[in-house]
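Only one structure is covered here, and it is reproduced in the block below.
Just so we're on the same page: letters track the sequence lines, and every chain starts at 1.
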Amino acid sequence: MDYKDTLNLPDTKFPMKGNLPQREPEMLKQWAEVDIHNKIEEAGKGKPRYVLHDGPPYANGHIHIGHALNKILKDIVLKSKRMEGFAAPYVPGWDCHGLPIELQVEKNLGSKKHEISKLEMRKLCREYAAKFVGIQRAEFERLGIFGDWDEPYLTMNASYEGATARELARFAENGGLYKGKKPVHWCSSCGTALAEAEVEYADHKSPSVFVKFALKEDAGSVAPELAGKKPSMVIWTTTPWTLPANLAIALHPELDYVALALNSGDVVIVADGLKESFLKEIGAEGEVLAKFPSKLLEKKLARHPFYDQDSVILLGEHVTLEAGTGCVHTAPGHGQEDYELGLQEGLDIYNPVDNRGRFYENIEFFGGQFVFDANKNVIEKLTEVGALLGSKEISHSYPHCWRCKKPVIFRATEQWFISMEKNDLRGKALSEINNVNWIPKWGRERIYGMIENRPDWCVSRQRSWGVPIAAFYCKSCGHVMADGKIMHQVADLFAEHTSDIWYDWDAAKFLPEGTSCPSCGKNEFEKEGDILDVWFDSGTSHAAVLELRDNLGSPADMYLEGSDQHRGWFHSSLLASVGTRGRAPYKNVLTHGFVMDGAGRKMSKSVGNVVAPEDVIKKFGADVLRLWVAAQDYRDDLRISQEILTRLSESYRRIRNTCRYILGNIHDFNPDTDCVPFAEMPELDRWAMHQLELLKEKVLASYTDSEFHILYHAVNGFCTVEMSAFYLDILKDRVYTSKKDSQARRSGQTVMYKVLDALVRMVAPVLSFTAEEVWAEMPGTREASVHLALFPALTPEVKDEALAGRWEKIIKIRSEVSKALELARVKKVIGHSLDAAVAIKATGDTEALLKECADQLAEIFIVSKAGLAGEVSGEVYVAEGIEGLEVGVSAAPGEKCERCWCYSEELGKDAEHAGICPKCLAAVK
RNA sequence: GGGCCUGUAGCUCAGCUGGCUAGAGCACACGACUGAUAAUCGUGAGGUCGGUGGUUCGAGUCCACCUAGGCCCA
């Protein structure tokens with residue numbers, strides 16, 4: 001007879017294949033139908049709060065793998081916090097203002113862009129941003145990210161724009177906001193400032209000149225050889241037109257400089273390391289009179305070559321020996337490094353050039369001249385005064401305007417700043433950094449170094465798509481009015497109508513009745529045309545979102561972004577919050593690395609190594625992508641490739657199959673009535689419970705520590721090693737062949753049920769779709785969704801170190817037995833391990849241990865017969881790992897039981913069931 | 001060029017404050033099973049721990065330099 005039907009074989013409709021690309025969207029639909037988001041919110045009521053504040057991605061384009069990584073990490077953190085018992089709301093956000101959108105909209109408009117008003121332009125930007133918010137939202141939701149997708153925060157919302165303006169008002173009130181000058185890329189032809197993205201580099205011909213700046217005083221204090229001489233500093237520049245704006249000469253603080261006596265009779269000073277190339281360039285010969293460190297020249301004064309003014313000698317790290325003389329012409333109004341040095345040294349940010357690129361009329365010699373035309377006149381002047389040492393034309397890479405293709409200049413313009421020193425913003429920010437927990441720890445060093453050295457924050461942009469700076473200018477005297485009180489009122493209006501009204505209403509409508517200029521007393525004003533830096537927008541999200549939403553709060557428990565945000569959002573948020581609240585907006589900052597290709601190189605379209613989240617989802621499913629996020633150590637850069645994903649999907653299958661197998665084996669198990677008490681379980685089951693407890697400890701700790709890759713490896717190893725290859729394999733015989741409701745079988749089922757229940761909960765934050773799928777198939781009464789459940793409670797009473805220690809040795813012996821079985825298999829003595837009888841010879845502790853559990857050995861080794869013996873015969877294997885252990889394998893005696901497939905010498909006891917063993921007989925009868 | 005970081009088997013990761021012939025899972029090869037079956041089990045073969053030099057009785061682990069790569073600046 002066929003005994004298969006008398007066995008308790010696994011039975012489940014849970015499919016082996018995940019088929020995630022098809023199944024996941026169905027799950028999403030199901031979640032939407034039951035309104036899982038609302039249920040989670042409900043379930044969170046009354047629980048302690050955990051706020052992870054979302055850094056807003058830019059509302060432009062489709063999501064890329066980096067976005068997916070970031071959002072999945074956040075989702076894992078939040079889901080795990082909920083399962084730890086927190087109310088953890090998630091309000092996603094988008095960064096909607098800024099240049100890239102404005103440029104894209106302009107591009108789409110083509111020539112029409114000149115015909116429309118700023119207000120219309122902003123309307124189009126608004127629509128554009130909204131469109132991509134919709135696209136990205138759908139893409140994020142597809143990843144299984146739970147959150148308030150119906151009410152995300154958008155930096156272009158009225159309430160947000162109002163809050164942004166309000167934060168600026170606070171800076172205006174406390175004196176942190178000021179107007180100053182800063183050099184920017186300037187297109188003289190278009191008459192506008194250019195952002196970095198609007199600048200393209202192309203070859204350009206420029207004059208290259210060496211110019212003398214005579215020292216004002218005797219150089220005897222620098223080197224005795226120079227006593228009585230007034231040598232000249234020699235600078236090199238390719239923009240002679242900036243010489244009228246020269247205010248300083250920069251030397252490198254750690255380099256040596258030399259005084260050269262030229263054959264022309266001049267004594268000049270250049271960097272030691274550049275003297276040969278310099279002499280070659282000017283075609284002269286020279287002799288070193290003295291060599292000295294740059295420090296001796298610090299703060300000494302040189303004469304401007306053609307103006308009656310001084311040029312001070314300063315030290316700056318930016319000076320290099322790549323070209324020139326090591327003495328760098330410094331015009332703070334015309335160069336970034338010059339500007340920074342100028343700020344540091346308190347120089348004027350001097351700019352003598354107007355919007356059209358012409359020198360102001362009052363500029364001696366060059367008034368009214370266009371700067372590029374002025375080059376030759378400057379050179380003539382230098383020749384005339386005898387300050388020119390050499391001149392030629394060179395071709396080099398130079399910034400050009402992307403629109404009109406003309407070369408651009410660097411020119412200081414009026415800008416709004418937030419001071420790093422006023423109210424000690426820098427000092428407070430630095431000390432707040434120390435109050436934040438940076439994960440990983442080096443994040444602290446990184447942001448600390450940046451805050452320590454950064455210049456004042458330039459918050460103004462000469463653009464349309466952003467929050468206007470609500471300042472006013474007096475029409476008659478030009479006085480700037482950035483009045484905190486008025487700005488607060490404007491902010492309220494923005495919050496009501498959006499900041500579009502700035503481009504719609506007259507200035508008077510924003511100003512209180514009777515406002516007059518504090519400088520001249522007149523009462524006609526103009527609105528400021530500049531808007532705010534988008535980093536100010538997002539930097540104020542703590543005020544616009546955390547403080548304004550009832551279910552959130554500031555400071556947040558966590559900000560979680562890529563490591564580039566040390567300069568970006570972490571940075572701007574810190575300054576915005578410290579500057580107005582005196583504290584950091586976050587308690588923990590977690591950073592992740594960037595996604596690289598399989599070889600660890602950055603992805604780029606041109607190289608063709610880009611992995612799109614969409615493709616991964618189509619091919620493997622979101623859960624595999626989520627598993628990828630969990631498997632990688634995100635603190636370093638992460639790699640993704642076909643191979644990695646294939647590996648991951650295989651390990652996904654292992655976890656899935658373990659769940660499926662258990663589901664199949666507990667299909668007739670009712671946890672409410674069938675559980676066997678721990679104390680009544682056989683040793684093997686108690687061992688499994690001990691292992692499960694260890695896994696729980698490890699996994700829960702890895703959630704607390706945000707070390708998800710540890711969890712991945714732990715779960716993977718548990719499913720593979722402890723469960724599949726050991727416990728579940730051994731358990732088969734018992735669960736399949738025992739009587740359905742026997743205590744032995746129920747005990748195994750109890751363990752499997754507890755394993756699955758714990759496993760599915762612990763894995764839910766990562767494998768959100770699959771866990772839910774398993775959850776639905778599980779017996780017993782439970783929450784409607786695994787995402788409404790808690791992590792398994794720790795049950796340390798289930799741990800038994802002594803038992804675990806004993807079994808560790810048993811497992812070691814088992815692996816030696818496996819080797820012996822393998823040898824016998826190769827020699828065709830056995831096929832399946834149940835074909836074998838094993839005899840073991842052992843000594844000392846090993847022997848004692850084996851004696852203790854002699855009656856379990858066959859079960860543990862999954863053989864038909866096993867026992868201790870004084871001498872072993874058959875295929876003998878001498879263990880390498882255990883001293884004195886010998887294993888003999890022979891074909892099991894007796895006949896194969898038709899039912900349990902074990903060999904037995906006691907077959908045929910029952911006439912009706914002649915082909916089965918006594919054990920099976922008992923089960924069948 | 002500067003700041004911060006990383007480099008352990010084909011892949012993903014362990015390896016605490018220096019101390020055993022460097023581990024795990026996956027992949028691979030071979031085998032078994034056919035009652036987890038587009039599954040499962042077993043065995044095996046893979047590493048000059050990026051490189052060089054140093055400190056030490058002893059270094060994957062500490063130091064220096066080099067190299068490859070990443071983020072942010074210049």
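Atom P of B:U52 sits at a distance of 12 Å from the matching atom of B:G60, rounded to the whole Å. Atom P of B:G23 sits at a distance of 14 Å from the matching atom of B:G19, rounded to the whole Å. Nucleotides B:A74 and B:G15 place their P atoms 37 Å apart, quoted to the nearest Å.
Whole-Å rounding puts the A:Lys602 NZ to B:C5 P distance at 19 Å. Regarding A:Leu9, its CG atom lies at a distance of 14 Å from the P atom of B:U34, rounded to whole Å. The CE atom of A:Met450 sits 7 Å away from the C1' atom of B:C4 (whole-angstrom rounding). Atom NZ of A:Lys819 is separated from atom P of B:G42 by 12 Å (rounded to the nearest Å).
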Return all side-chain donor-acceptor pairs below 3.5 angstrom for residues 724-731 of chain A, not counting sequence neighbours, or 'none' if the list is empty.
residue: A:Ser724; atom: OG; partner: A:Arg654; partner atom: NH1; Å: 2.9
residue: A:Tyr727; atom: OH; partner: A:Asp685; partner atom: OD1; Å: 2.9
residue: A:Asp729; atom: OD1; partner: A:Lys732; partner atom: NZ; Å: 3.1

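In terms of position along RNA chain B, the nucleotide closest to A:Thr658 lies nearer the 5' end than the nucleotide closest to the other residue of the pair A:Met596 and A:Thr658. The residue among A:Glu340 and A:Asp636 whose nearest nucleotide of RNA chain B is located toward the 5' end is A:Asp636.
Other residues, nucleotides and ligands contribute at most 12 non-hydrogen atoms within 6.0 Å of the NZ atom of A:Lys754.
Here A:His709 reaches the OP1 or OP2 of B:A14: one of its side-chain N or O atoms lies under 4.0 Å away.
You'll find that the side chain of A:Met16 is closest to B:A36, out of B:A36, B:U12, B:C4. Out of B:G35, B:G3, B:G42, the shortest distance to the side chain of A:Arg446 is found at B:G3. For A:Arg601, the listed nucleotide lying nearest its side chain is B:G69; candidates were B:G69, B:C33, B:G44. Listed candidates were B:A14, B:U34, B:U40. Nearest to the side chain of A:Lys896 is B:U34. Ranking B:U12, B:G69, B:C41 by closeness to the A:Asp729 side chain, first place goes to B:C41.
The nucleotide B:G25 finds its pairing partner in B:C11, both defining distances of the Watson-Crick or G-U wobble pair being shorter than 3.5 Å. Here B:A64 sits opposite B:U52 as a Watson-Crick or G-U wobble pair (both hydrogen-bonding atom distances under 3.5 Å).
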Would you mind building the protein contact string for nucleotides 24-31 of chain B? One character per nucleotide, 5' to 3', B for base within reach (heavy atoms under 4.0 Å), S for sugar-phosphate only, - for untouched. -SBS----
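In this pair, A:Phe570 and A:Trp438 present their aromatic rings perpendicular. The plane angle is above 60°, beyond the 30 to 60° band.
By the stacking rule of 5.5 Å between ring centres and under 30° between planes, A:Phe594 does not stack on the base of B:G70.
Checked for salt-bridge contact, A:Glu822 and A:Arg825 meet the test: a charged N lies under 4.0 Å from a carboxylate O. A salt bridge between A:Arg635 and A:Glu707 is present, with a side-chain N of the basic residue lying under 4.0 Å from a carboxylate O of the acidic one.
The backbone N or O of A:Ser702 sits nowhere less than 3.5 Å from a side-chain atom of A:Ser706 that would complete a donor-acceptor pair.
Aromatic rings from A:Trp457 and A:Phe417 are positioned such that their centres are separated by 6.0 Å or more. Between A:Tyr3 and A:His913, a ring centre-to-centre spacing shorter than 6.0 Å is recorded.
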